[in-house]
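A short write-up of the structure that comes next.
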Amino acid sequence: MKNNKGILDCKNKTFTFAYMNEKFTIDLTEGDLEDSWNSIQLNNGTVMDFNFYWEDYENTKPMVSLYDLEKDENGELLINTSKSYPIKIVEISGTKAQ
């Protein structure tokens, strides 16, 4: 699989993608399909925020982006939504209704 590309499996509610030469599989049952947030950790220790978004309107397409996480003055992680890295969905298996 090429970097910044992914496969959505609606039947199993997973999204598998490659980023920075690493492969990740996200369990979409941990959120809702309309706006599912999660995180990934790269081999170098960097944690990034993962967002899967699929509005409930007719003919909309799902979208995926990664975001940088930054620590605030208290050491808590904050999502930096001004820095996003889109992941192109190259294949969808099944339908949203599954």
Side-chain angles (χ1 to χ4, degrees):
M1 182 176 299
K2 293 184 178 182
N3 280 326
N4 296 19
K5 305 228 185 293
I7 298 171
L8 173 59
D9 182 341
C10 294
K11 184 177 180 180
N12 294 304
K13 308 278 192 275
T14 59
F15 185 72
T16 302
F17 67 102
Y19 182 73
M20 301 288 288
N21 299 316
E22 297 181 47
K23 185 177 174 183
F24 301 92
T25 298
I26 301 293
D27 179 357
L28 297 175
T29 65
E30 294 178 359
D32 57 59
L33 283 180
E34 285 75 29
D35 196 14
S36 181
W37 290 87
N38 212 311
S39 63
I40 62 169
Q41 183 169 359
L42 303 175
N43 285 336
N44 67 7
T46 300
V47 177
M48 299 190 76
D49 198 69
F50 169 90
N51 179 233
F52 176 87
Y53 182 76
W54 197 352
E55 275 291 332
D56 208 16
Y57 302 111
E58 188 175 328
N59 298 322
T60 59
K61 295 181 181 180
M63 298 182 295
V64 174
S65 289
L66 297 176
Y67 296 94
D68 286 335
L69 293 175
E70 299 173 355
K71 288 186 179 180
D72 67 8
E73 61 277 353
N74 297 321
E76 293 189 38
L77 290 175
L78 301 174
I79 302 168
N80 183 347
T81 56
S82 67
K83 295 181 182 178
S84 67
Y85 308 92
I87 305 296
K88 182 178 181 177
I89 300 171
V90 295
E91 182 181 329
I92 299 176
S93 174
T95 65
K96 185 176 182 181
Q98 290 180 310

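Excluded from the calculations below are hydrogen atoms, water molecules and symmetry mates; all remaining heavy atoms, backbone and side chain alike, are included.
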Taking all heavy atoms of [X] and all of [Y], pick out the closest pair and write down the distance.
X: Cys10; Y: Ile92; result: SG-CG2, 3.9 Å
X: Lys96; Y: Trp54; result: NZ-O, 3.0 Å
X: Ala18; Y: Met1; result: N-SD, 3.6 Å
X: Ser39; Y: Val47; result: CB-CG1, 4.1 Å

According to side chain to side chain contact (heavy atoms under 4.5 Å, CB included), who are the partners of [X], at least two apart in sequence or on a separate chain?
X: Asn80; value: Asp68, Glu70, Ser82, Lys83
X: Leu78; value: Asp72
X: Thr14; value: Asp9, Asn12, Thr25

Any chain of hydrophobic side-chain contacts (each under 4.5 Å) joining [X] to [Y]?
X: Leu69; Y: Trp37; answer: yes
X: Leu66; Y: Leu42; answer: yes
X: Tyr85; Y: Phe15; answer: yes
X: Ile40; Y: Leu8; answer: yes
X: Ile89; Y: Phe24; answer: yes

Report the C-alpha distance between Met20 and Thr46 in whole Å, list the side-chain angles of each, state the deciding distance to 0.1 Å, and finish with yes or no for side chain to side chain contact (heavy atoms under 4.5 Å, CB included). CA-CA 11 Å; Met20 301 288 288; Thr46 300; over 6 Å; no
Do Phe52 and Ile26 come close enough that some side-chain heavy atom pair is under 4.5 Å?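 The answer is no; the side chains never approach within 4.5 Å.
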Which is it for Tyr53 and Val64 under the side chain to side chain contact (heavy atoms under 4.5 Å, CB included) test, yes or no, and what are the steps along the way? CA-CA 6 Å; Tyr53 182 76; Val64 174; over 6 Å; no
Given Asn21 and Asn43, is the side chain to side chain contact (heavy atoms under 4.5 Å, CB included) satisfied, shown in steps? CA-CA 10 Å; Asn21 299 316; Asn43 285 336; over 6 Å; no
If you round to the nearest 0.5 Å, how far is [atom2] of [Y] from [atom1] of [X]?
X: Glu91; Y: Lys5; atom1: CD; atom2: NZ; result: 13.5 Å
X: Glu55; Y: Asp35; atom1: CD; atom2: CG; result: 8.0 Å
X: Ile79; Y: Ser84; atom1: CD1; atom2: OG; result: 12.0 Å
X: Asp49; Y: Thr81; atom1: CG; atom2: OG1; result: 10.0 Å

According to the interplanar angle, ranging from 0 to 90°, do the rings of Phe50 and Phe17 count as parallel (below 30°), tilted (30 to 60°) or perpendicular (above 60°)?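 The arrangement is parallel - the two ring planes meet at less than 30°.
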